[in-house]
Colleague: 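I have a structure here, written as structure tokens, and I will follow up with some questions on it.
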Amino acid sequence: MRILLPSLLVIFAIGLFSVPSAFADAIVTNAPGSSVPGCEETADGCFIPSTVTIDVGGEVTWENNDTAAHTTTSGSAQEGPSGVFDSSLIMAGSSFSHTFDSAGTYDYFCMVHPWMAGTVIVGDTETNTIPEPTSEESMVMAQVT
């Protein structure tokens with residue numbers, strides 16, 4: 001019995017930490033009152049935070065702490081859904097999670113309240129920016145112009 005209990009605790013701990021998908025890499029919440037226009041004009045935005053950065057294979061969980069139902073739909077209100085993910089209605093007190101398997105920038109919005117918008121950046125942030133030219137490249141560019 002003295003060996004069994006510590007062994008079970010070790011097995012439980014290994015199992016707990018070997019299942020990373022059980023925990024979100026980023027949590028986004030709906031701003032209170034975001035079902036009424038105006039949150040998009042605040043510093044925090046309608047989704048808090050409005051931009052998250054995660055690693056490839058990471059998961060984002062959207063929690064609806066607002067009193068109204070919302071969606072989390074990839075794409076934009078102007079161009080419509082992109083088809084990458086869609087939560088359907090997330091009722092008050094519920095949540096939706098999505099795992100991102102490819103690097104890139106994913107815009108999303110609420111189909112019920114189209115002023116609500118956010119962005120998920122997946123992957124190394126350095127790969128999402130244009131690198132500065134080296135001094136050699138700058139000299140070549142100067143000679144070309």
Colleague: Measuring from Thr29:OG1 to Asp44:CG, what's the distance to the nearest 0.5 Å?
Modeller: 9.0 Å
Colleague: In chain order, what residues pass the side-chain hydrogen bond (donor to acceptor under 3.5 Å, both in side chains) check against Ser94, with sequence neighbours excluded?
Modeller: none
Colleague: Taking all non-hydrogen atoms of both residues, which atom of Phe96 and which atom of Ser87 are closest, and how far apart?
Modeller: CG-CB, 3.3 Å
Colleague: Using the ring-ring contact (aromatic ring centres under 6.0 Å, His included) rule, collect all pairs that involve residues 26-46, keeping only residues at least two apart or in two chains.
Modeller: none
Colleague: Give, for atom CG of Asn65 and atom OG of Ser34, the distance between the pair rounded to the nearest 0.5 Å.
Modeller: 10.0 Å
Colleague: To the nearest 0.5 Å, what is the distance between CG on Asp55 and CG on Asp25?
Modeller: 7.0 Å
Colleague: Please check if the side chain of Glu41 supplies one atom and the backbone of Cys39 the other of a donor-acceptor pair under 3.5 Å.
Modeller: no
Colleague: Mind checking the CE-CG spacing from Met91 to Asp66? Nearest 0.5 Å is all I need.
Modeller: 11.5 Å
Colleague: Kindly write out the residues that satisfy side-chain contact (heavy atoms from CB on, under 4.5 Å) with Pro81, not counting sequence neighbours, or none if the list is empty.
Modeller: Thr73, Phe109, Met111
Colleague: Would you please name every residue forming a side-chain contact (heavy atoms from CB on, under 4.5 Å) with Val112, sequence neighbours left out?
Modeller: Thr71, Leu89, Cys110
Colleague: Between Gly75 and Ser82, what is the shortest heavy-atom contact and its length?
Modeller: N-OG, 3.6 Å
Colleague: Could you tell me if Ser95 and Thr61 have a donor-acceptor pair between their side chains, going purely by distance under 3.5 Å?
Modeller: no
Colleague: Distance check, rounded to the nearest 0.5 Å: Phe85 atom CZ versus Tyr106 atom OH?
Modeller: 9.0 Å
Colleague: Sorted by first residue and then second, give each side-chain hydrogen bond (donor to acceptor under 3.5 Å, both in side chains) pair with at least one member in residues 107-119; sequence neighbours left out.
Modeller: Trp62-Tyr108, His70-His113, Asp107-Thr119
Colleague: Could you report the tightest heavy-atom contact between Ser74 and Gly83, atom names first, then the distance?
Modeller: OG-N, 3.6 Å
Colleague: Please collect all disulfide (SG to SG under 2.5 Å) contacts where either partner lies in residues 48-91, sequence neighbours excluded, each pair once.
Modeller: none
Colleague: Say whether Ile48 and Ile54 are linked into one hydrophobic cluster, either directly or through other cluster members, by side-chain heavy-atom distances under 4.5 angstrom.
Modeller: no
Colleague: If you define the side chain from C-beta out and look only at heavy atoms, does anything of His98 sit under 4.5 Å from Val60?
Modeller: no
